[in-house]
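Please read these numbers as outputs of a predicted model, since none were measured by experiment.
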Amino acid sequence: MSTEQLSASLQKNENLLKNMFKDSYDIIFRNVQMFGEIKALLVYVDGLVDTKTLDNVLLRSWMFGESAHKQDKRSITFDNILEQLFPIASIQTAESIEDIEKDILSGCAALVIDGYDRTVIADLRGFEHRTVEEPSTEVTVQGPREGFTESLNVNTALVRRKIQSKDLKMESITVGSLSRTTIVIAYIHGVANESVVEEVRNRMRQIQIDTVLSGNVVEEFIEDQPFTVFPQVQKSERPDIVAASLAERKVAIFIDGTPLVLIVPCTLWTAFQSADDYYERFIYASFTRWLRMLLILISLYLPSFYVAITTFHPQLIPTNLLLSIAAAREGVPFPAVIEALLMEFLFEGLREAGIRMPRQTGSAISIVGAIVIGQAAVQAGIVSAPMVIVVSVTGIASLITPRYNMGIAFRMLRFPMLVCSGFFGLYGITMATLFLLIHLTNLESFGVPYLSPVAPTERSKLRDIFIRAPWWAMRTQPSGKQGGESK
């Protein structure tokens with residue numbers, strides 16, 4: 001990247017820029033004569049600039065308007081041009097080729113004026129982007145229907161509209177030597193933990209990569225422990241969730257080009273919390289939260305318990321039920337653990353196929369496929385009917401996790417849990433659970449324990465973990481400030 005400075009010669013600057021952007025058909029160079037007396041060169045990327053504003057506001061006024069300094073050309077200065085000849089909100093200046101290149105490629109228009117070694121950068125970004133729509137991964141019944149888009153400015157504005165405070169800070173940083181992706185670190189000054197904010201800044205500065213095209217790239221660079229199935233960064237497409245998280249002392253990371261916003265620190269308990277909890281009455285919200293916890297545990301343990309009890313501990317099953325299971329398993333050639341693993345792999349395969357297929361047919365085919373294949377497998381004597389019931393209940397329970405990346409973690413854990421139960425029965429499940437708890441206890445997200453506030457225990461924060469306390473009981477924010485405007 002060149003650090004060369006502009007000169008006062010328009011021709012020299014034009015040659016410099018054309019040489020830099022040679023073989024780039026989408027870079028537009030347009031020579032203009034402002035008010036018939038000021039020679040200038042306009043440079044921008046076709047498709048990234050709002051051409052309506054460029055034509056109607058700037059070029060039209062320059063070509064058909066009259067300069068206030070027309071009578072005395074010598075009085076025209078660079079500052080006069082800045083103040084009077086750019087009737088748009090956002091302009092700045094640049095002197096180095098490096099800055100000009102960065103601004104042009106980010107969607108701004110550069111105006112190089114004859115006789116000046118500075119250029120005017122006009123923010124005319126107007127590329128096409130998706131309108132604000134309801135997010136598909138975080139649907140609510142009564143909440144707002146707005147979700148983030150791929151436009152960074154739209155996303156930050158959606159959050160700024162919900163937190164209209166001067167203390168909401170948004171710091172910009174560029175990451176990626178080729179993509180030069182703009183990333184915004186958002187936090188509320190005086191509320192967010194300063195050590196977490198500084199840690200986010202440091203980890204962002206240490207990212208060394210050519211291109212950043214998704215939030216997952218940033219996530220893998222900044223997470224504490226890469227060799228774990230548990231996500232240490234929360235992702236959200238909803239402005240209300242991001243705004244609430246900022247009020248809860250967290251830090252949000254916006255990435256240009258992706259509708260997912262990263263939120264840190266992240267704890268295990270976000271897996272049980274949904275945006276709908278805060279749009280329902282607290283009694284119903286608390287009930288559904290407990291139901292969610294129960295079903296997530298069922299999704300993790302039900303196949304393993306079935307395998308352990310039918311294989312190692314049949315004395316724990318009532319006699320009538322044991323006889324029924326034994327009759328159903330008669331003729332099945334595989335042990336229960338192999339049955340369970342076959343059905344789990346089949347279920348995960350159908351789920352992935354349903355996601356990859358066109359939306360109109362994916363869900364229908366995955367449901368029909370599960371029913372047909374399950375029924376055929378039972379009739380063929382490959383698996384037993386009770387196992388189909390167990391795997392079906394497990395699959396339904398695993399879909400209840402509000403956070404998609406948390407749901408993946410529990411789905412993956414089901415397989416080693418099955419293997420442990422298949423080899424060691426309930427003893428294996430107990431040992432696997434102890435190992436899981438030790439792992440969770442040692443896990444951190446940006447210096448915050450993953451099981452916080454349960455371990456270590458912070459009583460003041462427990463009211464929003466196992467139950468959704470009423471708003472009037474949550475007037476004291478996690479930061480210690482008084483207020484009731486956030487979750």
Going by atom types only, do Tyr404 and Glu138 share a side-chain donor-acceptor pair under 3.5 Å? no
Do Ser195 and Asn193 have a side chain donor and acceptor closer than 3.5 Å? yes
How would you list all residue pairs meeting side chain to side chain donor-acceptor pair (under 3.5 Å) that involve residues 202-214, not counting sequence neighbours? Ser177-Asp210, Glu199-Arg203, Asn202-Arg205, Arg203-Asp224
Polar side chain donor-acceptor pair, Asp464 to Tyr278, under 3.5 angstrom: yes
So, taking the atom named CG in Leu152 and the one named OG1 in Thr182, what distance separates them when rounded to the nearest 0.5 Å? 6.5 Å
Aromatic plane relationship, Tyr427 with Phe424 - under 30° parallel, 30 to 60° tilted, over 60° perpendicular: perpendicular
Charged N to carboxylate O below 4.0 Å: is that the case for Glu280 and Arg468? no
Side chain proximity check, Thr319 to Leu323, heavy atoms < 4.5 angstrom: yes
State, yes or no, whether a side-chain contact exists between Gln234 and Ile241 at a heavy-atom distance under 4.5 Å. yes
Start with the C-alpha distance between Ile408 and Val229, add both sets of side-chain angles, then the distance that settles side chain to side chain contact (heavy atoms under 4.5 Å, CB included), and finish with yes or no. CA-CA 8 Å; Ile408 294 175; Val229 296; over 6 Å; no
Distance-only donor-acceptor check, side chains Tyr301 and Thr433, under 3.5 Å: yes
I want to check something: taking the side chain as every heavy atom from C-beta on, are Val49 and Val45 in contact at a cut-off of under 4.5 Å? no
If we count only N and O atoms by modelled type, under 3.5 Å, do the side chains of Ser179 and Thr181 hold a donor and an acceptor together? yes
Could you tell me how the ring of Phe230 sits relative to the ring of Phe410: parallel (under 30°), tilted (30 to 60°) or perpendicular (over 60°)? perpendicular
Measuring only between side-chain heavy atoms, which start at C-beta, is Tyr450 closer than 4.5 Å to Gln225? no
Check this for me: does any side-chain nitrogen of one of Asp277 and Arg292 sit under 4.0 Å from a carboxylate oxygen of the other? yes
Apply side chain to side chain contact (heavy atoms under 4.5 Å, CB included) to Phe446 and Val200, showing your working. CA-CA 8 Å; Phe446 285 79; Val200 173; 3.6 Å; yes
Given side chains that start at C-beta, do those of Asp50 and Arg125 come closer than 4.5 Å, heavy atoms only? no
